[in-house]
Amino acid sequence: MFSAVSLLTTVLFALSTASSPVEIRSPLITLPFARSLNTRDGTVNLLQHDQARATALRGRGIATAAGELDRRQGSILVTNEVAHYIAAVGIGSPATTYNLIVDTGSSNTWVGAGIPYEVTSTSVDTGEPVSATYGNYSFSGKEYTDTVTLGCLTITQQSIGVASQSAGFSGVDGILGIGPEDLTVGTLTNEPSTGIPTVTQNLYTQGTIPAEIVGISFEPTTTTSFRNGELTFGGVDSGKYTGTLNYTPLTTTSPASRYWGINESIAYGGTTILSTTAGIVDTGTTLILIASDAFDQYRSLTGAVSDSATGMLRITTLQYIALQNLNFNINGVTYTLTPNGQIWPRSLNTYIGGSSSYVYLVVNDIGVGSNSGSGLYFVNGQAFLERFYSVFDTTNARVGFATTPYTDAITN
Ligand SMILES: *[C@@H]1O[C@H](CO)[C@@H](O)[C@H](O)[C@H]1NC(C)=O
Ligand SMILES: *[C@@H]1O[C@H](CO)[C@@H](O)[C@H](O)[C@H]1NC(C)=O
């Protein structure tokens, strides 16, 4: 059991504390993870990637709801190539460590994009082909079951995809899918109609964690690669947030309801720019995307201009001083994104093709108006999650948020 610990050298063991709102009967499985900006191509178009992902998630959600999912379009496909949160996950016995993107927007776990899958005594080839293409990303291969090691504990007979070919993924080995379980439905030719059990589901059914809950701690970073995230299975890490953890039920509005979907409204200062509506919380999106009409209002209220080089909104340093809070109202609780939380880290301006003399905003356009009936009108991406602790709670069908020591920090 402890052989994997040497591979995951920085694994932390966190015990429950009395202040934790979730009753934990066993140690939490806590996995550190790093944010990595993909510097392969020099500058990157963040916005293009994020909007493509939002469109793909919406399209897949609608197809799933209608039972029309093309099986080749598995849940795995939409990933942000720009800013990954990556966790080291052990697979096999002895375990090989793979660097997997932590993705709340998909639910299959797969490897093989980077280092080849290592077959060991615990590997079982199911013979089931798995193939997925979406936009610029794809992989194909076979489904295996194998032992998966997350921190110090193991999941046996976890279904994993093993890619023999993949395109669009670089610097990572695959995905750790922690989206809702239903997203696995339709990803294999002969799978059960209930889909494939996810890592979180197996941790629970195998008695390893007391509830199907994943807690995620991000922190803002101003460098291209920084190990600052923490993923907790089975509960929340009360050392990572301040104040009260508040929950909101999962939204019933489709297609946001296919993901970690919630209802929220957004106000800039005292002006509501997005009335209560459905959207998603997503670790695989870098920016905060909002409905086009809300975005237009945000642009005009901040005085920002669209920057043609980056696609981002741009303000001057004087306008930055005048920037007001962006208030997210979620189930009666206001989560305030400060002016500093609304800007892209200035030390990374040139990395996205911007100029060091401007200030770029992390709020952008999701590409559909809030009257469009699309059912997915915002994405609270990494820019939001770096300022608020988040909890993805399958057991109680809810998402939780809390402030952190970084909520009001001046880091950007
Ligand atoms: C996808 O590929 C096309 C053509 O190769 C390219 O023009 C486009 O920028 C790519 N899109 C993304 C989001 O990488
Ligand atoms: C969310 O909003 C929709 C309408 O936009 C509403 O029908 C639903 O009851 C709200 N609450 C939940 C939990 O979905």
Side-chain angles (χ1 to χ4, degrees), residues 21-22 51 53-67 75 104-107 178-183 185 195 200-201 211-216 236 244-268 270-285 288-298 326-337 363-381 384-385 388-402:
V22 175
Q51 287 177 335
R53 178 175 168 98
T55 303
L57 289 173
R58 187 186 302 113
R60 185 177 193 280
I62 291 167
T64 311
S75 68
T104 57
S106 67
S107 304
I178 54 170
E181 282 135 26
D182 287 355
L183 283 179
V185 174
T200 318
Q201 203 174 355
E212 284 185 68
I213 294 173
V214 179
I216 299 189
V236 299
T244 313
L245 190 49
N246 293 296
Y247 289 93
T248 189
L250 295 176
T251 187
T252 52
T253 303
S254 179
S257 55
R258 300 279 148 183
Y259 302 94
W260 288 109
I262 59 169
N263 285 354
E264 76 180 17
S265 65
I266 303 176
Y268 177 76
T271 310
T272 297
I273 59 171
L274 185 72
S275 299
T276 305
T277 193
I280 62 169
V281 185
D282 183 31
T283 61
T285 297
I288 294 165
L289 301 179
I290 59 177
S292 302
D293 39 354
F295 171 73
D296 289 342
Q297 267 190 283
Y298 179 75
L326 191 62
N327 296 308
F328 294 73
N329 189 289
I330 303 172
N331 200 19
V333 179
T334 299
Y335 301 87
T336 295
L337 198 62
V363 176
N364 217 299
D365 185 354
I366 201 170
V368 295
S370 54
N371 293 322
S372 72
S374 88
L376 201 167
Y377 298 107
F378 61 84
V379 181
N380 291 359
F384 183 88
L385 296 170
F388 300 99
Y389 189 80
S390 55
V391 183
F392 300 86
D393 182 345
T394 303
T395 298
N396 301 295
R398 60 186 184 172
V399 174
F401 298 105

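In each ligand, atom 1 is the first atom listed, and ligand 1 is the first ligand listed.
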ask   = Looking only at side chains, do T251 and N263 share a donor and an acceptor under 3.5 Å apart?
value =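 Result is yes, a qualifying pair exists.
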query = What residues, two or more places apart in sequence or in another chain, satisfy ring-ring contact (aromatic ring centres under 6.0 Å, His included) together with F295?
reply =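 Result, ring-ring contact (aromatic ring centres under 6.0 Å, His included) vs F295: none returned.
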request  = Could you tell me which non-hydrogen atom of A291 sits nearest to which non-hydrogen atom of D365, and how far apart they are?
outcome  =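 Looks like C-OD1, 4.2 Å.
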message = So I288 and L337, do their side chains get closer than 4.5 Å, heavy atoms only?
response =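 A side-chain contact exists here, since the closest heavy-atom pair is under 4.5 Å.
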Show me the donor-acceptor pairs, under 3.5 Å and distance only, between side chains in residues 273-281 and residues at least two apart or in other chains.
none

key: Residues that N364 engages under side chain to side chain donor-acceptor pair (under 3.5 Å), provided they are two or more places apart   =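 Expected list: none.
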key: Set of residues that line ligand 2, where lining means a heavy atom lies under 4.0 Å from it   =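 Within 4.0 Å of ligand 2, protein side: P249, L250, T251, T252, T253, N263.
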